[in-house]
Amino acid sequence: MRQLRPRELAAYLEAGHAPILLDVRERWEWELCRLPGAILIPMGELAARAAELDRDAETVVICHHGVRSFHAARFLEAAGFGNVVNLSGGVAAWADEVDPAMARY
């Protein structure tokens, strides 16, 4: 799986790429802060809801610090998803590197 830092993902999105942004945090976390356009499937629901995702689409997996998303991305790869990216550092690093106005927790 590829790893992208927030600045790299921001530049990638600004260049016109449109991956699925999959947030695997809990709803309460997602309601506090999220990347624009991200969809929420909490990690505990991912196995049951993976069929909602396009296996062929590029999917960037997001969490708070990048650990849950790493494990979720590994799960997706094992389930046959071929183009999975982990947001290294998660939304915490996004707030530090890209959007200082983003709420933190």
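The first residue of the sequence shown is numbered 1, and numbering continues consecutively from there.
- Applying the 6.0 Å contact sphere to CZ of Arg104 captures more than 12 heavy atoms from other residues, nucleotides or ligands.
- Contact record, Met1 with Ala73: SD-CB, 3.5 Å, taken as the closest heavy-atom pair.
- One finds a salt bridge joining Glu29 and Arg68 here, because a Lys/Arg side-chain nitrogen approaches an Asp/Glu carboxylate oxygen to under 4.0 Å.
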Could you walk me through whether His65 and Ser88 pass the side chain to side chain contact (heavy atoms under 4.5 Å, CB included) check?
CA-CA 7 Å; His65 290 291; Ser88 179; over 6 Å; no
Side chain to side chain contact (heavy atoms under 4.5 Å, CB included) evaluation trace for Ile39 with Leu21
CA-CA 6 Å; Ile39 61 168; Leu21 301 175; over 6 Å; no
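- In the hydrophobic clustering of this structure, Leu4 groups with Leu35; members are Ile, Leu, Val, Met, Phe, Trp, Tyr whose side-chain heavy atoms approach within less than 4.5 Å, directly or through other members.
- Neither Val60 nor Ile20 shares a network with the other; the hydrophobic side chains, linked directly or stepwise wherever heavy atoms of I, L, V, M, F, W or Y lie under 4.5 Å apart, form separate groups for each.
- The CD atom of Glu97 sits 4.0 Å away from the CZ atom of Arg5 when rounded to the nearest 0.5 Å.
- At least one side-chain heavy atom of Glu58 sits under 4.5 Å from a side-chain heavy atom of Tyr12.
- Atom CZ in Arg2 sits 11.5 Å away from atom CG in Asn86 (nearest 0.5 Å).
- Both Val84 and Leu22 are assigned to one and the same hydrophobic cluster, defined by single-linkage of ILVMFWY side chains at heavy-atom distances under 4.5 Å.
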Side chain to side chain contact (heavy atoms under 4.5 Å, CB included) evaluation trace for Val24 with Val61:
CA-CA 7 Å; Val24 296; Val61 188; 3.8 Å; yes
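- In this structure a side-chain-to-backbone donor-acceptor pair under 3.5 Å is missing from Arg49 to Glu45.
- Between Glu26 atom CD and Cys63 atom SG the span is 11.5 Å, to the nearest 0.5 Å.
- Distance CG/Leu76 to CG/Asn83: 11.5 Å, rounded to 0.5 Å.
- In terms of heavy atoms, Ser69 sits closest to Leu87 at OG-O, 4.0 Å.
- Between Pro19 and Leu13, some side-chain heavy-atom pair lies under the 4.5 Å cut-off.
- To the nearest 0.5 Å, the span separating CG on Leu53 from CZ on Phe81 amounts to 5.0 Å.
- Looking at every heavy atom in both residues, Leu32 comes nearest to Ala103 through O-CB, 3.5 Å.
- His64 NE2 to Cys33 SG: the interatomic distance, rounded to the nearest 0.5 Å, is 6.5 Å.
- Trp28 and Tyr105 have perpendicular rings, their planes meeting at more than 60° on a 0 to 90° scale where under 30° would count as parallel.
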Verify side chain to side chain contact (heavy atoms under 4.5 Å, CB included) between Thr59 and Val85, making sure each step is shown before the conclusion.
CA-CA 6 Å; Thr59 303; Val85 180; over 6 Å; no
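- Minimum heavy-atom separation, Met102 to Val91: SD-O, 3.8 Å.
- Cluster annotation: Phe70 is not connected to Leu9 through the hydrophobic network of ILVMFWY side chains, with a link wherever side-chain heavy atoms come within less than 4.5 Å.
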